[in-house]
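What follows is a short report on a single structure.
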Amino acid sequence: MIGRTLHSSGVGFTSQRVRDRLVERLREQGIRNPYVLQAIGSVPRHLFIDEVLASRAYEDSALPIGFGQTISQPWVVARMTELILEGDTVPKHVLEIGTGSGYQAAVLAALGMQVHTVERIGELLRTARKRFRAQGITLRSKHDDGHIGWAEEGPFDAIMVTAGAQAIVEGLIDQLAPGGTLVAPVGGGATQALVRIRKLADGSLDIKEMEPVMFVPLLPGVVDQ
Ligand code: SAH
């Protein structure tokens, strides 16, 4: 009974109040887009990680999700999401490479985007799909090597790569619609630079380097496990 009282008064580590505090912290750290902040405030991050880590779900840090992979730090999720939004315009048709826990995809879906997400590790994708189903999140996903993108479903208004690579994958730029935005961590080492590429109406590219970030590497092939 006491536990229940504590929980409903918003002290529980999964409560809305804890999520609101995370939103406040992100705002202090420069995330300004109200739609992004609202989406972060609405998606229950604790449901995208193992229960034993749930008490840390609303810390602003990356956490392990198995197979040597991580759920991205909330600030990074917020920043990358902000970068594919052009002020008030929410891209419709979106591709994410690296489903991982499914959290970033859920944040994009919460913004009303039609999300397509690709993951190379079979077991991570199966777990993410269960989470999407349990939470009533509708999106499309496939088990594949994200280097090839998802041409049949393209072109996309936005593409978000959530694993680090030495260079931008050229084939993904081809799947970007004119006026579209691609965001990816670029750099082969432990840290990368967040890079935003805009494909202009005439097909030329506007490339801008943003903040330093830390992602697990974008790897070739698929893992069937
Ligand atoms: N967006 C995820 C972040 C996961 S970490 C989240 O919100 O939790 C990066 C993910 O990219 C890992 O799950 C990793 O397996 C996956 N990945 C790495 N290389 C890939 C590739 N070539 N194709 C698809 N997914 C890849």
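Note that ligands are numbered from 1 as they come in the structure, with each ligand's atoms numbered from 1 the same way.
Distance alone, capped at 3.5 Å, places no donor-acceptor pair between the Arg45 side chain and the Tyr103 backbone. Put simply, the side chain of Glu82 gets close to the backbone of Asn33: a donor and an acceptor are under 3.5 Å apart. In terms of modelled atom types and a separation under 3.5 Å, the side chain of Glu119 and the main chain of Ser101 share no donor-acceptor contact.
Among the atoms of Gly146, some N or O lies under 3.5 angstrom from an N or O of ligand 1. Checked by distance only, ligand 1 and Leu218 stay at 3.5 Å or farther apart across all their nitrogen or oxygen atoms.
Considering only non-hydrogen protein atoms, atom 19 (N) of ligand 1 sits nearest to Leu219 N, 2.9 Å. If you check which protein heavy atom lies closest to atom 4 (C) of ligand 1, you get Thr70 O, 3.1 Å. Of the protein's non-hydrogen atoms, Ser101 OG, 2.6 Å is the one closest to atom 8 (O) of ligand 1. Here the heavy atom of the protein found nearest to atom 14 (C) of ligand 1 is Gln69 OE1, 3.3 Å. Of all protein heavy atoms, the one lying nearest to atom 15 (O) of ligand 1 is Glu119 OE2, 2.6 Å. Looking from atom 9 (C) of ligand 1 to the surrounding protein, the closest heavy atom is Thr162 O, 3.2 Å. Annotation: atom 11 (O) of ligand 1 to nearest protein heavy atom, Gly98 CA, 3.2 Å.
Taking the side chain as every heavy atom from C-beta outward, His46 and Arg19 approach each other to under 4.5 Å. When side chains are defined from C-beta on, Pro74 counts as touching Leu22, because their heavy atoms get closer than 4.5 Å.
A salt bridge links Arg126 to Glu123: at least one charged side-chain nitrogen sits closer than 4.0 Å to a carboxylate oxygen. Using a 4.0 Å cut-off between charged side-chain N and carboxylate O, Glu24 and Arg21 make no salt bridge.
Close approach to Val118 involves these atoms of ligand 1, each under 4.0 Å from a residue heavy atom: 24 (C), 25 (N). Residue Val216 has at least one heavy-atom neighbour below 4.0 Å for each of these atoms of ligand 1: 5 (S), 9 (C). Which parts of ligand 1 touch Ser72 is read off a 4.0 Å heavy-atom cut-off, strictly below it: atoms 3 (C). For ligand 1, the atoms closer than 4.0 angstrom to any heavy atom of Glu96 are 1 (N). The His147 neighbourhood of ligand 1 comprises atoms 22 (N), with distances under 4.0 Å to a heavy atom of that residue. Atoms of ligand 1 found under 4.0 Å from any heavy atom of Gln104 (numbered from 1 in listed order, with element): 1 (N), 7 (O). Taking a cut-off of under 4.0 Å to the non-hydrogen atoms of Leu124, the atoms of ligand 1 that pass are 13 (O). Against a heavy-atom cut-off of under 4.0 Å, Asp144 is close to the following atoms of ligand 1: 23 (N), 24 (C).
Just one residue in the list Ile97, Leu125, Val118 forms a side-chain contact (heavy atoms from CB on, under 4.5 Å) with Asp144, and that residue is Val118.
Under a 4.0 angstrom heavy-atom cut-off, Met160 registers as lying outside contact with ligand 1. Taking 4.0 Å as the cut-off, Pro217 counts as a neighbour of ligand 1 on heavy-atom distance. Heavy-atom separations between Thr99 and ligand 1 include at least one value shorter than 4.0 Å.
Considering CD of Glu96 and CD of Gln104, their distance stands at 5.5 Å, rounded to 0.5 Å. The CG atom of Leu83 lies 9.0 Å from the NZ atom of Lys208; values are rounded to the nearest 0.5 Å. From Ile197, atom CD1 reaches atom CG of Leu176 across 8.5 Å, with rounding to the nearest 0.5 Å. Interatomic distance, OG of Ser15 versus OH of Tyr58, reported as 8.5 Å (0.5 Å rounding).
When Lys142, Gln73, Arg45, Arg120 are ranked by how near their heavy atoms come to atom 26 (C) of ligand 1, first place goes to Arg120.
Residue Asp157 comes nearest to Ala177 through the heavy atom pair OD1-CB, 4.2 Å, listed as atom of the first residue, atom of the second, then distance.
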